[in-house]
Novice: 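Could you have a look at this structure, given as structure tokens, before my questions?
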Amino acid sequence: MKWGIARTAAVVMLATAGGCLSPRGDAPPMHTYQLSLDTASGEGRPADVTGSVLLVGQPQPHPGFESPRMVYLKRPYELEFYATNQWTDSPARLFAPLLVQSLSQTGTWRAVVALPGSVRGDYRLDSSGFIVQQEFLRQPSLVRMALRGQLVDLKESRVVSTKLFEVEEPAPSEDAYGGVLASNRAAAAMLAQITSWLQSCARHAPECNR
């Protein structure tokens, strides 16, 4: 009798454990998105063989934006995360190759090199505080992207210019995918601002420090 009870209990425990370990059929799928340019921008202008070499550091994320999780706000200052939607990597890491590509296509620099690397440069672009978030504070929702850039003259060991970039793009739909589309447009707009700023710095134009 005792053996039968023990055997029944063991079977129940194994069945319960099996249910816990087996995948749930009703679990929603995870959607993963890229941060990229909407359209191909071509090869750009030829590099200036007399120009300077620009080193580009990895953009540093703002606290709370270090992971691939997609951030949204329903009220100021409170970060929330989509449960079944994410980026392929942290937004800052996804933005880095787009930045190098965009700067390489301007023709302003002899070479644009991503750090870390062994190439000696004339200037270095540092960036920090990178954020990308979908804000549901008004309708339609919008994506806000922000980044602080700093250009350093490596030969003179001095900061040439520091500038804060911030872009807002309305989302075409009130969901995560609408935020993705707006984020891609925001990235293109921010890249245009950054490349224009650095071109003015390379020309030693007054706009460099505005």
Side-chain angles (χ1 to χ4, degrees), residues 34-66 71 87 89-135 142-170 182-210:
Q34 293 182 329
L35 184 65
S36 60
L37 299 179
D38 287 338
T39 57
S41 55
E43 297 183 357
R45 299 178 180 177
D48 183 356
V49 295
T50 64
S52 302
V53 175
L54 176 66
L55 306 182
V56 180
Q58 172 68 44
Q60 298 302 304
H62 192 76
F65 296 83
E66 303 94 341
V71 177
W87 299 108
D89 203 339
S90 69
R93 292 184 64 86
L94 295 177
F95 188 75
L98 302 181
L99 180 58
V100 172
Q101 175 187 347
S102 180
L103 294 173
S104 299
Q105 293 176 345
T106 63
T108 302
W109 311 94
R110 177 156 49 96
V112 178
V113 182
L115 292 173
S118 58
V119 177
R120 297 184 62 179
D122 303 297
Y123 294 90
R124 186 184 70 240
L125 173 63
D126 299 322
S127 52
S128 60
F130 187 86
I131 70 167
V132 54
Q133 61 191 29
Q134 187 173 5
E135 300 179 357
L142 60 84
V143 163
R144 184 185 310 276
M145 183 177 291
L147 173 73
R148 180 177 295 276
Q150 178 175 271
L151 182 64
V152 178
D153 186 326
L154 297 176
K155 292 183 177 180
E156 299 184 9
S157 299
R158 67 179 181 90
V159 175
V160 177
S161 178
T162 300
K163 189 170 183 178
L164 176 64
F165 301 91
E166 188 170 6
V167 176
E168 294 180 359
E169 283 288 338
S183 296
N184 285 326
R185 291 199 299 269
M190 178 167 285
L191 289 170
Q193 291 184 15
I194 294 174
T195 54
S196 177
W197 167 59
L198 290 177
Q199 284 178 312
S200 67
C201 292
R203 299 193 306 267
H204 305 287
E207 291 80 7
C208 176
N209 292 297
R210 291 179 184 172

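Atom set for the values below is all heavy atoms of this structure, side chains included, hydrogens, waters and symmetry mates excluded.
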Novice: To the nearest 0.5 angstrom, please state how far the SG atom of Cys208 sits from the NZ atom of Lys163.
Specialist: 8.5 Å
Novice: Quick one: does Trp109's side chain get under 4.5 Å of Leu198's, heavy atoms only?
Specialist: yes
Novice: How long is the gap from OG1 on Thr106 to CD on Gln101, to the nearest 0.5 Å?
Specialist: 12.0 Å
Novice: Taking all non-hydrogen atoms of both residues, which atom of Val132 and which atom of Met145 are closest, and how far apart?
Specialist: CG2-CE, 3.9 Å
Novice: If you measure from OG on Ser161 to CG on Asp153, what distance do you get to the nearest 0.5 Å?
Specialist: 12.5 Å
Novice: Report yes if the side chains of Leu54 and Asp122 come closer than 4.5 Å at any heavy-atom pair, otherwise no.
Specialist: no
Novice: As an exercise, state the distance from OG of Ser127 to CE of Met190, rounded to the nearest 0.5 Å.
Specialist: 10.0 Å
Novice: Would you call Leu99 and Leu125 a side-chain contact if the rule is heavy atoms closer than 4.5 Å?
Specialist: yes
Novice: Take atom CD in Glu168; do more than 12 heavy atoms of anything else shown fall under 6.0 Å from it?
Specialist: yes
Novice: How far apart are the closest heavy atoms of Ala182 and Pro170, and which atoms are they?
Specialist: CB-O, 3.6 Å
Novice: Where do Ser36 and Leu98 come nearest, in terms of heavy atoms and distance?
Specialist: CA-CD1, 3.9 Å
Novice: Has the side chain of Glu156 got a donor or acceptor atom that lies under 3.5 Å from a matching backbone atom of Leu154?
Specialist: no
Novice: Distance from Ser200 atom OG to Asn209 atom CG, nearest 0.5 Å?
Specialist: 8.0 Å
Novice: Which atoms form the tightest heavy-atom contact between Arg93 and Pro97, and what is the distance?
Specialist: O-CD, 3.2 Å
Novice: So do Val53 and Arg120 actually touch side chain to side chain, heavy atoms under 4.5 Å?
Specialist: no
Novice: List the atom of Leu147, the atom of Ser128, and the distance in Å for their closest heavy-atom pair.
Specialist: CD1-O, 3.5 Å
Novice: Under a 3.5 Å distance rule, please check whether Glu66 uses its side chain to pair with a backbone N or O of Gly64 as donor and acceptor.
Specialist: yes
Novice: Could you pull out the closest heavy-atom pair between Phe165 and Trp197, with the gap in Å?
Specialist: CZ-CE3, 3.4 Å
Novice: Between Trp87 and Ser183, is there a side-chain heavy-atom distance shorter than 4.5 Å?
Specialist: yes
Novice: I need the Phe130 CZ to Arg148 CZ distance, nearest 0.5 Å.
Specialist: 14.5 Å
